[in-house]
Amino acid sequence: KACSACCILCQTERQMNENAADSSLSKQFESVRRFTDRITASLSPEDCMVQSMEDASPVRWHLAHGTWFFETFVLKQEADYTVFDKHFSYLFNSYYNAIGEQFPRPNRGTISRPGLDCIREYRRYVDRELLSRLQSPDFVARHAETITVGLNHEQQHQELILTDIKNALASNPMLPVYEDREFAPSNGTTDSWAEITDGKYDVGHDGDGFCFDNELPRHTVFLPAFRISLNLTTCGQFIEFINDGGYERPELWLSLGWNAVKERSWNAPLYWMRRDGRWMQFTLAGLTPVDPDWPICHVSYFEADAFARWAGKRLPTEFEWEVACRSLTETRAEANTGQFADKLFAGGYAIHPTLSSGGFFGSVWQWTASSYQAYPGYRPPPGAIGEYNGKFMCNQYVLRGGSVATSQSHIRDTYRNFFPADARWQFSGFRLAE
Ligand code: AVJ
Ligand code: FE
């Protein structure tokens, strides 16, 4: 079924991208903020308060924190701005020590005031203040760069809203539905691989478009020849791993991975459960049978790594991924529009029609073998905003590509997502290399 017929979310986001292409900062601001409203419109105040685990945040916290970012890094720099509420600096600061102390993350779900109405009012207040100031070219000149970071930040939190509400709903034995959607027909998979010759390659962002600081500086790397799968590993392939005792064979696992399997009793991807001898998975559209042709999703780095060892392969490094992506994708623009314009949002994850024919970005984030580190010569930006990415460059792995929950405008071959090796609640899968 055509996307336009089935998916309000895609339509809204396409509209948003058209606005963004229009390039005026206030239009972009308007559409990104409205998209946050759109994806939270069906949630009740109770839904928005749940914090199902330490890593996830209540939706209401995300709504406030995205707003706090604009208030803190833009509006408060203006002498004539009056803060909405003096407590919010502490309550909705995520991790910026240069701004001040933060309310402890694990307890975010214990805070019932301000109420959701008040948080929505806070959003409207900051929107009004920012939009009216954006009329002034001086204000734009002073803050355009930070506002653009703020919009990309808000979009990262849109994805986190979806992953976090999915975790919250999954923790409810009634397995409630976020939004009921039709499921995309799945594509068959072929066993096809691309060969990339050895050589020196440039990696990292270049050009005028937006990127995060961790995509810089562009630099040259040497890669030995490698092969990389054109397909994401599928649920069907992962079931073979499970049936072959994958979760019971320590020799397949890294030591820390095996500890996680034992301590947390992992025996399948997150959100999978057996019903009447069949594998089912919880999605944002509720419980649904596992489709063997869909990309595997909600696995940790440890599971991706163990599967690769079982298959006699390995995970690609982040630079192998980037170089392969670039050489297999004609132009970046084509990669972005060709794949993601046809995105079908299916209950929390989707299949791109082009996925099995070599589309590289995929509909799930892809774990790489690379630990998240600074590129040579990397410098975080000065000031508190320098805490955005750089200080997390320890004990995490890089994921590449993008997921069904990722903003389309974030899809680029240099984007570096990152999570700890045991994280499973993001839309994370993988492809193999050798
Ligand atoms: C890039 C997704 C790991 O979740 O903290 C949000 C995104 N950075 N606010 C995260 C982010 C600041 C970040 N990830
Ligand atoms: Fe944030």
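Numbering of ligands and ligand atoms starts at 1, following listing order.
- Atom CG of L43 is separated from atom CD1 of I161 by 8.5 Å, given to the nearest 0.5 angstrom.
- Considering only non-hydrogen protein atoms, atom 4 (O) of ligand 1 sits nearest to L160 CD1, 3.5 Å.
- Closest to atom 9 (N) of ligand 1 by heavy atom, among H157, Q156, E159, Q396, is H157.
- F418 and F392 have parallel rings, their planes meeting at less than 30° on a 0 to 90° scale where 60° marks the start of perpendicular.
- Within a 6.0 Å radius of CD in E145, no more than 12 heavy atoms belonging to other residues, nucleotides or ligands are found.
- Of the candidates Y96, F69, Y415, F418, the one placing a heavy atom closest to atom 3 (C) of ligand 1 is F418.
- In the vicinity of Y388, heavy-atom distances shorter than 4.0 Å reach the ligand 1 atoms 8 (N), 12 (C).
- Residue, atom and distance of the protein heavy atom nearest to atom 5 (O) of ligand 1 are Y95 CE2, 4.5 Å.
- Relative ring orientation between W68 and H65 is described as parallel, the plane-to-plane angle staying below 30° on a 0-90° scale split at 30° and 60°.
- Among all protein heavy atoms, the one lying closest to atom 2 (C) of ligand 1 is N417 OD1, 3.4 Å.
- Not a single N or O atom of N389, backbone or side chain, sits closer than 3.5 Å to an N or O atom of ligand 1.
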Should Y372 and Y397 be marked as a ring-ring contact (aromatic ring centres under 6.0 Å, His included) after you check the CA-CA gap, both sets of side-chain angles, and the distance that decides it?
-> CA-CA 5 Å; Y372 178 49; Y397 282 85; over 10 Å; no
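- Distances from the Fe ion (ligand 2) to each N, O or S atom of H157 single out NE2 as the nearest.
- F212 and Y415 have perpendicular rings, their planes meeting at more than 60° on a 0 to 90° scale where under 30° would count as parallel.
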